[in-house]
Structures are given as structure tokens and as C-alpha cells.
*Asks:* 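I'd like to ask some things about the structure below.
Heads up: numbering here begins at 1 and tracks the sequence. Order of appearance sets the numbers: ligands from 1, and atoms from 1 within every ligand.
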Amino acid sequence: MTLETYKKELQATAAKLVRKGKGILAADESNPTCGKRLATVGVKNTESNRRKYRTMLATTPGLGEHISGAILYEETLYQKASIYGVKAADERLIIDHLRDQSIIPGIKVDTGLRPIIDTLPNAKEGEFYCTGLDGLLERAQEYYKQGARFAKWRATFKIHHGDDESGGPSERAIQENARGLARYARTVQEAGLVPIIEPEVLMDGDHRLGTTRIHQEHIYREVYNACALDGVYLEGSLLKCAMTIPGNECEMEEERTPRRVSASTVGVLMRSVPKEPGGVVFLSGGLPEEAATVYLNAMQKVDRSATFEKRREWNMSFSFGRALQHSALKAWGGKNIKAGQAALLARAQANAEATTGNYVAGSQPSSDDHLHIAGYTY
Ligand code: 13P
């Protein structure tokens with residue numbers, strides 16, 4: 001099997017993941033990151049607790065009405081669900097419970113960020129590339145056999161020096177990561193997995209929204225140039241990116257209005273993303289839950305018809321991690337399954353409504369907590 005034989009399936013899977021009224025649950029935190037999350041509710045980072053937590057998420061009644069796919073960490077793809085009263089012999093995989101609700105399992109295939117040595121004068125200023133290309137085809141083939149149908153690879157870019165012209169990511173880091181994203185995307189397509197191409201511009205810093213816009217546009221163009229070189233089948237891929245917002249330390253509150261953010265985000269995409277990708281999904285990147293939803297909702301209302309780029313009609317949906325899980329994790333607290341599931345369902349429904357522009361702000365419970373973590377790794 002090769003990319004040619006998978007093309008139809010890839011396109012169909014990509015379309016399913018971003019169809020209106022649905023979006024993706026990102027629950028692919030690596031074990032160390034999952035441990036940090038669990039620690040916030042006093043739960044130890046053990047295989048058994050990660051299993052309980054992910055089972056709670058995956059068995060939420062009604063989740064499939066709002067969620068089309070779930071990105072998982074490798075451990076979860078092979079893990080049995082932990083359900084009270086079910087004998088070991090009768091246990092089913094966590095992904096079986098997802099599939100019961102027509103939620104497509106996805107898999108994080110990158111193996112984390114490493115410093116690009118020469119760009120590392122000190123840890124804070126350093127830049128990173130994303131690892132995981134070695135043996136990727138074989139891993140992707142195994143993941144497909146196990147039931148995964150899409151993949152994720154996240155490269156990060158930091159705006160180092162506020163609004164200075166030279167303050168963005170170095171060209172070297174951009175090219176390095178663009179090449180990695182393209183190689184990954186083409187490779188997993190050869191194994192039948194839809195690649196989520198994720199060049200994340202982090203919100204760390206005090207830069208203004210216009211600075212984010214400039215860097216995002218440049219990065220996305222370079223990523224798609226690299227994809228063209230590698231022959232990535234864009235119709236069978238999704239872009240996952242951050243919304244176009246000012247840095248988390250920027251004090252210009254007027255740059256955070258839903259109108260400003262939604263118009264800027266859609267503008268960036270129109271100018272720098274080709275028309276072919278199967279869709280665009282957003283990460284929440286540290287935004288509070290409700291803000292992420294309200295921004296997504298506002299984006300659906302930005303008029304895309306009046307411009308010469310009007311063929312860029314991809315659906316815009318969500319692939320949130322923190323902004324879908326934060327309240328659920330707190331409500332669960334290691335034991336309260338029903339409360340955790342109710343909180344997850346509420347945010348899933350809110351975001352699903354936001355994919356059609358029908359979310360009424362405040363109509364679902366949410367937490368106002370800021371979820372940003374400096375230099376965040378997934
Ligand atoms: P957040 O929504 O928490 O940013 O995570 C999404 C994700 O998958 C990051 O790679």
C-alpha cells in the first residue's frame with residue numbers, strides 16, 4: 001500500500017474529522033505532561049491513573065455527538081479501558097469505546113522537541129526541532145493496524161524579542177521544522193494516516209497581534225512550500241495552528257477582542273494556506289476555555305466570500321487539549337467520573353456549536369483559569 005492507494009480514504013477521513021458541528025479532542029499528552037496535569041488534582045502519575053483518566057474521557061456518554069476524533073499518546077492506543085466491575089478478561093480497548101461513538105482514534109507520532117544546538121545561547125532563547133522521523137513509516141503502519149486513522153506532529157516556534165523586526169524564530173528553525181513537518185506528513189500518508197500538520201507559534205512573550213500575524217504567515221508559507229517539495233497530498237491532511245493573538249504578556253487588551261482575533265486569524269490563513277488542505281483546526285495554546293470557544297465561534301462569521309481568495313473554504317474547527325480537558329480534569333479529581341464527563345461534554349458541545357457560529361457565550365459552564373504555561377511541551 002502506498003499514498004496512491006490511500007488517497008480516497010485520506011481525503012474522506014480528513015473531511016470526517018472537520019465536518020461542521022464536530023471537532024477533535026487532543027488527549028495525547030506525553031506521560032511527563034500528563035503527570036503534570038494529574039498532579040494539579042493530586043493524582044499520581046502512574047500507568048493505572050492515566051488509564052483511568054483517559055477511560056473517563058473516552059466513555060463520556062454522548063461525546064460522539066460533538067467529537068469526531070481523539071488524538072492519543074501511544075500508551076493509550078494500546079491500553080484497555082478501566083471500568084469498575086468489568087473483569088479483566090472482558091476488558092476492551094479505550095479506542096473501542098471511542099469507536100462505539102464513531103470517534104476516530106488518532107496518534108501523536110512525534111517524539112518530542114530537542115534544541116537546535118547552534119541556536120541555543122541559553123535555554124530560554126533556544127529553538128527546537130521536532131524528533132520522530134526515524135522508523136516513522138513502520139510505526140505508522142503499526143498504528144494503522146491498531147486502528148489509528150490520523151496522526152499529529154507538533155513543531156513549535158517562539159517569538160523571542162517582542163515586536164523587533166528580527167525577534168521572530170530564526171530562518172534556520174523555520175526551515176528545519178518545515179522540512180520535518182513535510183517529511184512526517186508524507187510518511188504517515190504512505191501508511192494511511194491523515195497528518196495533522198502543526199506548526200505552533202507559541203503565545204509566550206509581550207509582542208502585539210500584528211507581530212504574531214507576520215510570523216505565522218511566513219511560517220505557514222514555508223511549511224506548505226516544504227509540503228510541495230515532499231509531495232504531501234494536502235487534501236488528505238489538516239492544518240493545526242494557534243489562533244492569531246498577541247503574546248500572553250502583551251497589555252493591549254483591545255487586541256484580544258473576538259472580532260480582532262477572528263478577523264486576524266482568518267486573514268492569516270487566507271494569505272498563507274493553500275486551498276487544498278482538508279481543513280483547519282485550532283489548538284487552544286493556553287487560552288482560557290471560554291475564550292478559545294468564543295474566538296472559534298467568531299471566526300465562522302468572518303466574511304471570506306468578498307476576497308479574491310474565496311476558494312479557501314476549509315472548515316475551521318477545534319483540536320483543543322487544555323481548553324477541552326481542564327474543567328473535566330478538575331471535576332474528576334481522580335474519582336468523580338460523572339462530574340468529569342459532564343464537564344467534558346459541556347465544553348465539547350460548546351466548541352461543536354462554535355464550529356457553526358452558533359455558540360452563545362456563557363451558555364455552557366467553563367473555567368476562567370488561564371492555561372498558559374511558558375515554554376510548553378506536549
Ligand atoms: P492545547 O489545546 O492544550 O494547546 O493542546 C493542543 C495540542 O494538541 C498541542 O499540540
*Asks:* Looking at Ala26, which atoms of ligand 1 are within less than 4.0 Å of one of its heavy atoms?
*Replies:* 8 (O)

*Asks:* With backbone taken as N, CA, C and O and side chain as the heavy atoms from C-beta onward, which portion of Ser284 lies under 4.0 Å from ligand 1: side chain, backbone, both, or neither?
*Replies:* both

*Asks:* Is the gap between the ring centers of Tyr6 and Tyr144 under 6.0 Å?
*Replies:* yes

*Asks:* Check Lys158 with Glu127, please: is the shortest side-chain N to carboxylate O separation under 4.0 Å?
*Replies:* no

*Asks:* Applying the side-chain contact (heavy atoms from CB on, under 4.5 Å) test to Ser319, which of Ile24, Val280, Leu25, Asp28 qualifies?
*Replies:* Ile24

*Asks:* What part of Ala292, side chain, backbone, both or neither, has a heavy atom within less than 4.0 angstrom of ligand 1?
*Replies:* neither

*Asks:* List ligand 1 atoms under 4.0 Å from Glu198, heavy atoms only on the residue side.
*Replies:* 7 (C), 9 (C), 10 (O)

*Asks:* Within ligand 1, which atoms have a heavy atom of Ser319 less than 4.0 Å away?
*Replies:* 6 (C)

*Asks:* Can the positive tip of Lys7 be found less than 6.0 Å from the middle of the six-membered ring of Tyr233, inside 45° of the ring normal?
*Replies:* yes

*Asks:* Take every heavy atom of Lys108, measure it against each atom of ligand 1, and state whether any distance is under 4.0 Å.
*Replies:* no

*Asks:* So is Ala323 in contact with ligand 1, going by heavy-atom distances below 4.0 Å?
*Replies:* no

*Asks:* In plain terms, say whether Glu217 and Arg221 are close enough for a salt bridge, that is, a side-chain N and a carboxylate O under 4.0 Å apart.
*Replies:* yes

*Asks:* With heavy atoms only and a cut-off of under 4.0 Å, state how Arg154 meets ligand 1: side chain, backbone, both or neither.
*Replies:* side chain

*Asks:* Compute whether any side-chain donor of one residue and acceptor of the other, for Arg347 and Thr293, lie under 3.5 angstrom apart.
*Replies:* yes

*Asks:* Taking Glu9 first and then Arg149, would you say they form a salt bridge - that is, a charged N and a carboxylate O separated by under 4.0 Å?
*Replies:* yes

*Asks:* Between ligand 1 and Gln325, can you find any atom pair, the residue atom being a heavy atom, that is separated by under 4.0 Å?
*Replies:* no

*Asks:* Out of Glu200, Lys152, Lys240, Arg322, indicate the one that has the non-hydrogen atom closest to atom 6 (C) of ligand 1.
*Replies:* Lys240

*Asks:* Considering only heavy atoms of Gly285, which atoms of ligand 1 have at least one such atom less than 4.0 Å away?
*Replies:* 1 (P), 2 (O), 4 (O)

*Asks:* Going by the order shown, which atoms of ligand 1 are within less than 4.0 Å of some heavy atom of Phe320?
*Replies:* 2 (O)

*Asks:* So, Glu254 and Arg260, do they make that salt bridge, N to O below 4.0 Å?
*Replies:* no

*Asks:* Need the ligand 1 atom indices (1-based, order shown) with element for anything under 4.0 Å from a heavy-atom of Gly321.
*Replies:* 1 (P), 2 (O), 3 (O), 5 (O), 6 (C)

*Asks:* Can Gln349 and Glu65 be counted as having a side-chain donor-acceptor contact under 3.5 angstrom?
*Replies:* no

